[in-house]
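Ligands are counted one by one from 1 in listed order, and the atoms in each one are counted from 1 as well. These numbers come from a predicted model, not from an experiment.
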Amino acid sequence: MKVAKFGGSSVADANMLRQVSNIIKSDNDRKFIVVSAPGKRFSDDVKVTDLFIQLGNQYNSGQSYEQTLESISERFLSITDDLGLSPDIVTRIKNEASRLLKETTNTWQQMDSLKAMGEDSLARVLSAYLNKIGLHATYVNPKEAGIIVSNEPGGAQILEKSYQQIYHLREREGILVIPGFYGYTESGVLTTFPRGGSDITGSIIAAGVQAELYENFTDVSSVYCVNPQMVKNPKEITTLTYKEMRELSYAGFSVFHDEALIPAFRKNIPVCIKNTNEPNKKGTMIVANKEDNGQPVVGIAGDKGFSSIYVSKYLMNREIGFGKNLLDILVEENISFEHAPSGIDDMSVIVRSSQLTPEKEELLVNRIKNELQVDTITIIHGLAMIMLVGEGMSNRLNVAAKATKAFSEAVVNIDMINQGSSEVSMMFGIHEESLTAAVQSLYREFFL
Ligand code: ASP
């Protein structure tokens, strides 16, 4: 039994849904189908989920919202018309959205219920179409499927007890079409996962039914070893481990939601990233273990938007609790940190710049100066992090030497180097304007 999840671009219009249905039909093992809401049909199109968010915001700020509801209805109507299905779903969307807007007083709950309507409606449409072409398919609501989540609107987490109930889906007849992106709290309140969370639903269902494979259909034929916007026609990755995928998605590989790896990883379900438009291509497999093919680095990721809080204090190494006290200040100011490389008398804490405002920075500088009595404190902005990722780096000589050679060939100064003892990745902090040049040089060094 396989779980196949189709992302927003794969279900964006009627033609894509025909293609999706062919994919489902071509393999009897594809029993559990998880869908996103219709995504963009062209580059400046709007995703249906964004339309639903706009609808809620317009209503709650007293603006006119009717046009947005009309645009959502038209998107679905063009799909049902083209597929020769009844337009019932459009009436349902209009009635249900109006009811939610007028009757739900809790704006978080209202917003989550609106956001979920994109996937919910699409799952109903796809299930109807599969029946029309002669397959036996049933729409299954996440509550019925057993997806029980924490009470965190827009950021739900799956509760462990869900898996037992999900397992029983195996006993159901035919193909089950499940909307992605949301579940229900223990008290029955609809709550969504973070944005892009249909991947998470797919992974939860795959883990729950103990699928032989979780196929994640998207709009690329594989995961590339480097961002194709930085390097032309980069090499495709055929197999990755969960750990490698996690490290790569941390720094800019957005092909698979990072939270979606956890359920599959815990239950050891292999994941395959495939292209809806080229379903016969092998795609990229994500697995627990892979054979060492002699290549130390599988991918190079890079992301901008980091800042470093640099502090120095003479004899820091002998001061018990210095690091803890510094991080405690960040906790109290509600800032999460990414890395904390340290020297003998100094320490840098790398944070995402989006968490800092000029006021927050001033507060941090004052608190760190006064409470920790440091000699210097500097906040540096505009940093990029580059990650070299590969389990094959472990115990292999020369990786760091090759990397630093690539940086020097691109004439890029390294501000920071960090490598954990797991040796799955090596991280370099540089100034963001040099990101592309550095990544290109590393690609030449490790892949050409
Ligand atoms: N439709 C949701 C979003 O746009 C979830 C998803 O597509 O995975 O974020």
Side-chain angles (χ1 to χ4, degrees), residues 3-13 16-17 19-20 32-57 68 71-73 75-76 79 89 93 96-97 100 108-126 139 141-142 145 147 149 152-158 177-184 190-207 214-220 223 245 249 253-264 271-276 286:
V3 173
K5 182 258 165 181
F6 296 91
S9 55
S10 304
V11 295
D13 61 21
M16 290 305 295
L17 285 169
Q19 176 67 4
V20 163
F32 305 98
I33 310 301
V34 174
V35 288
S36 281
K40 293 184 178 192
R41 293 158 295 180
F42 37 88
S43 66
D44 44 8
D45 197 11
V46 185
K47 291 178 172 190
V48 163
T49 309
D50 289 317
L51 288 175
F52 275 111
I53 294 173
Q54 188 178 312
L55 177 69
N57 288 337
T68 308
S71 307
I72 297 169
S73 305
R75 289 264 336 234
F76 279 95
I79 294 176
I89 192 71
I93 291 172
E96 189 58 16
L100 282 169
W108 284 104
Q109 285 179 13
Q110 181 195 60
M111 191 50 102
D112 270 14
S113 299
L114 285 171
K115 274 156 71 180
M117 282 183 74
E119 334 323 84
D120 190 71
S121 309
L122 199 276
R124 291 170 192 270
V125 169
L126 178 63
Y139 157 86
N141 182 270
I147 302 181
V149 298
E152 293 168 89
Q157 310 253 348
I158 188 75
V177 186
I178 306 162
F181 191 36
Y182 70 98
Y184 289 81
L190 186 156
T191 306
T192 63
F193 294 119
R195 288 301 303 270
S198 296
D199 281 352
I200 304 176
T201 305
S203 187
I204 289 167
I205 298 292
Y214 170 25
E215 295 177 307
N216 194 282
F217 284 90
T218 173
D219 51 8
V220 291
V223 179
M245 186 70 224
S249 61
F253 275 50
S254 59
V255 53
F256 191 56
H257 200 293
D258 51 5
E259 286 186 37
L261 272 177
I262 307 159
V271 182
C272 185
I273 309 285
K274 288 183 86 118
N275 190 343
T276 305
I286 309 171

Practice task
Compute the minimum heavy-atom distance from Gly180 to ligand 1 and say whether it is under 4.0 Å.
Solution key: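 Contact absent.
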
Handout entry: Heavy atom of Gly197, distance to ligand 1 below 4.0 Å
Key =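 True for this residue.
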
Exercise for the section: Quick one: look up the protein heavy atom nearest atom 1 (N) of ligand 1 and list residue, atom name and how far away it is. Expected result: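 The protein heavy atom lying closest is Thr49 OG1, 2.7 Å.
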
Handout entry: For atom 7 (O) of ligand 1, closest protein heavy-atom neighbour
Key =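 Going by distance alone, atom 7 (O) of ligand 1 is nearest to Ser36 OG, 3.1 Å.
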
Tell me whether [X] has any N or O atom under 3.5 angstrom from an N or O of ligand 1.
| X | result |
| --- | --- |
| Gly196 | yes |
| Arg195 | yes |
| Asp199 | no |

Exercise for the section: Give the C-alpha distance, both sets of side-chain angles, the deciding distance and a yes or no for ring pair (Phe, Tyr, Trp, His ring centres under 6.0 Å) between Phe181 and Phe193. Expected result: CA-CA 5 Å; Phe181 191 36; Phe193 294 119; 7.6 Å; no

Going by atom types alone, do [X] and [Y] pair a side-chain donor with an acceptor below 3.5 Å?
| X | Y | result |
| --- | --- | --- |
| Asp112 | Thr192 | yes |
| Gln54 | Thr68 | yes |
| Glu152 | Thr191 | no |

Practice task
Just let me know how Lys115 lines up against ligand 1, side chain, backbone, both or neither, with a heavy-atom cut-off below 4.0 Å.
Solution key: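 Near ligand 1, Lys115 shows nothing, with every heavy atom at 4.0 Å or more.
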
Exercise for the section: Using a strict 4.0 Å threshold on nitrogen-to-oxygen distance, state whether Asp50 and Arg195 make a salt bridge. Expected result: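 Salt bridge present between Asp50 and Arg195.
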
Problem - Under-4.0 Å salt bridge between Lys40 and Asp219 - result: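 Looking at Asp219 together with Lys40, the answer is no, because their closest N to O distance does not fall below 4.0 Å.
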
Practice task
Would you mind listing which atoms of ligand 1 come within a distance below 4.0 Å of any non-hydrogen atom of Glu119?
Solution key: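 Counting from 1, the qualifying ligand atoms are 1 (N), 2 (C), 5 (C), 6 (C), 7 (O).
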
Exercise for the section: Examine distances only and state if a side-chain atom of Asp199 and a backbone atom of His257 form a donor-acceptor pair shorter than 3.5 Å. Expected result: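 Side chain of Asp199 to backbone of His257: a pair is present.
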
